[in-house]
Protein chains: 2
Amino acid sequence: MSDERLYQLIARKIEALIDSGKYPPGSRLPPERELAEQFGVSRVAVREAQIALQAVGRIKIKTGSGAYVLEPHAESTNKLPNISAFELTEARALFEAEAAALAAIQIDDAALDQLERYIEIMKEAGPDDKAAELADRNFHRAIATASGNAAISYVIETLWSLRTDLEPVKAVYESVCSTDASARVAEHAAILDALRAHDPAAARVAMRKHFARLINSMLDVTEQRALEELRNQVSKSRQRYLKSATL
Amino acid sequence: MSDERLYQLIARKIEALIDSGKYPPGSRLPPERELAEQFGVSRVAVREAQIALQAVGRIKIKTGSGAYVLEPHAESTNKLPNISAFELTEARALFEAEAAALAAIQIDDAALDQLERYIEIMKEAGPDDKAAELADRNFHRAIATASGNAAISYVIETLWSLRTDLEPVKAVYESVCSTDASARVAEHAAILDALRAHDPAAARVAMRKHFARLINSMLDVTEQRALEELRNQVSKSRQRYLKSATL
DNA sequence: CCCATTAATTGGTCCTACCAATCTGCCGCG
DNA sequence: CGCGGCAGATTGGTAGGACCAATTAATGGG
């Protein structure tokens, strides 16, 4: 239990002071010596705590001046946004459609062949196959890369990560994935055809259709779940009622 | 210049040792005392360096045992992607156009009025005005929000952040922003008109035009800079030549 | 009133000593 | 011969004090 080092305890205390509003961003913390006395520890401990806080980006130590509280930086506090599975899919539909349109213009034969292979893998994969999911990801990733725009690739990659980082979204996706094997292959093939034809508009439409079907599947699953949930609620209520009725 | 603290220097040296493969993930670093002697510094400096590395998640210090190299954690190494200003702007053009199209469908009057006010602020702002930049950001942010999709807002917000987080991009944007005041207001007004008319296609086009002009400005600035750079090079060469000619 | 010099403040580094957790190896017991 | 436990060595953890360097505040003279 108490294998925590002293400086970590002090660091937490200092953070608490900051969070309490006593030392707002931009303000200066008390001198090391003062904090050391206040916490009843040596100056080394305070110093180490401040170094740890600086490494995490909460404060900035200026030699001879003091330790200053920094603005909470968005990157350090990478809080995940509150996004539903539908929103995420809609965003992917729009953005990946544009990526596909861009890709259609300039994709080369090597990339097209690679896409073909990914579809093959998905076609031959069994249910709940990790390889299929990886191929799916690689398929979308390859199209994003073919757009020739690193920013677009970055966004699409980020959105894909959200798919697994957001727990509620993850659940919905998993239940959908297992039911759409054949449809998915057909849609991917349609996207590939449009890319082969170097037809941006067709690629955009094909990609949007792919996600539109996905959203529909998700709606079905969600409806199904809502029904089950309702049934469970009713069942529980019934049991409770029966129990109280037999008192 | 050398305002770097000793422990940071030591931390870099230790990181270099790790990266060199001498201490692969899972292995133990040499004892503090040994490292201190090796680097010719006190034990405290080594200790502080290790604390900083631990705070960043590169090593794990175990009391009485030693400091162990951790696996490079994917999430902790949130390296910024390598994206050019043009790519970023192209991505914003595509994505924000779709956001505007969605927003056109369902934006309410209150939001429209707010957009109007942001344009007013931009119109009245002087050059190099922080208020104008903030209004600009809020304008785009409000449209993203009006799309009613948190994932889209998240992406647009992320891309805007990249604008300031990526140094080379930041430079380009800053030099462009100071030259486009009037054009920017007119374009924003056009976007607002399309949103008022609840015309998705028009909103999409207006937003794309806005960014298209921005890209053109950036191209101009980049060209200008390239010319200046070339001139500097020539000037330097000339000086060097003259100097060597007078020897 | 302004500026430069000075003094006080504050972080930076080192050393030395000692404590606590951990690891290692030896020794005795079974 | 093998295993477990004890003791010493190893290693990180903390303290206190001393001194240096950068910064800031105070003070004095122009």
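In the text below, chain A, chain B and the rest are named by the order of the sequence lines, each starting its count at 1. Because only heavy atoms are used, hydrogens play no part in the values below, and waters and symmetry mates are left out as well, while side chains stay in.
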Exercise. Sorted by first residue and then second, give each side-chain hydrogen bond (donor to acceptor under 3.5 Å, both in side chains) pair with at least one member in residues 29-39 of chain B; sequence neighbours left out.
Key: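 Found B:Glu32-B:Arg43, B:Glu32-B:Arg47.
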Quiz item: How would you list, by chain and number, every residue that makes a ring pair (Phe, Tyr, Trp, His ring centres under 6.0 Å) with A:Tyr7, sequence neighbours excluded?
Solution: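 In terms of ring pair (Phe, Tyr, Trp, His ring centres under 6.0 Å), with neighbours along the sequence ignored, A:Tyr7 is linked to no residue.
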Quiz item: Excluding sequence neighbours, so at least two apart, what forms ring pair (Phe, Tyr, Trp, His ring centres under 6.0 Å) with B:Phe211?
Solution: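 B:His140.
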Quiz prompt | For B:Ala111, all residues meeting side chain to side chain contact (heavy atoms under 4.5 Å, CB included), sequence neighbours excluded | solution =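 B:Ala111: side chain to side chain contact (heavy atoms under 4.5 Å, CB included) contacts with B:Ile107, B:Asp108.
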Quiz item: In whole angstrom, what separates A:Gln54's CD from C:dT10's C1'?
Solution: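 Taking atom C1' of C:dT10 as the reference, CD of A:Gln54 is at 15 Å.
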Exercise. Grab the OH-P distance between B:Tyr68 and C:dA21 for me, whole Å please.
Key: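 Taking OH of B:Tyr68 and P of C:dA21, I get 16 Å after rounding.
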Quiz item: For B:Asp220, what residues pass the salt bridge (Lys or Arg N to Asp or Glu O under 4.0 Å) criterion, not counting sequence neighbours?
Solution: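 Not a single residue meets the salt bridge (Lys or Arg N to Asp or Glu O under 4.0 Å) criterion with B:Asp220.
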Exercise. List the protein contact pattern of nucleotides 4-16 of chain D with one symbol per nucleotide (5' to 3'): B for base contact, S for sugar-phosphate-only contact, - for none; contact means a heavy-atom distance under 4.0 Å.
Key: -------BBBBB-
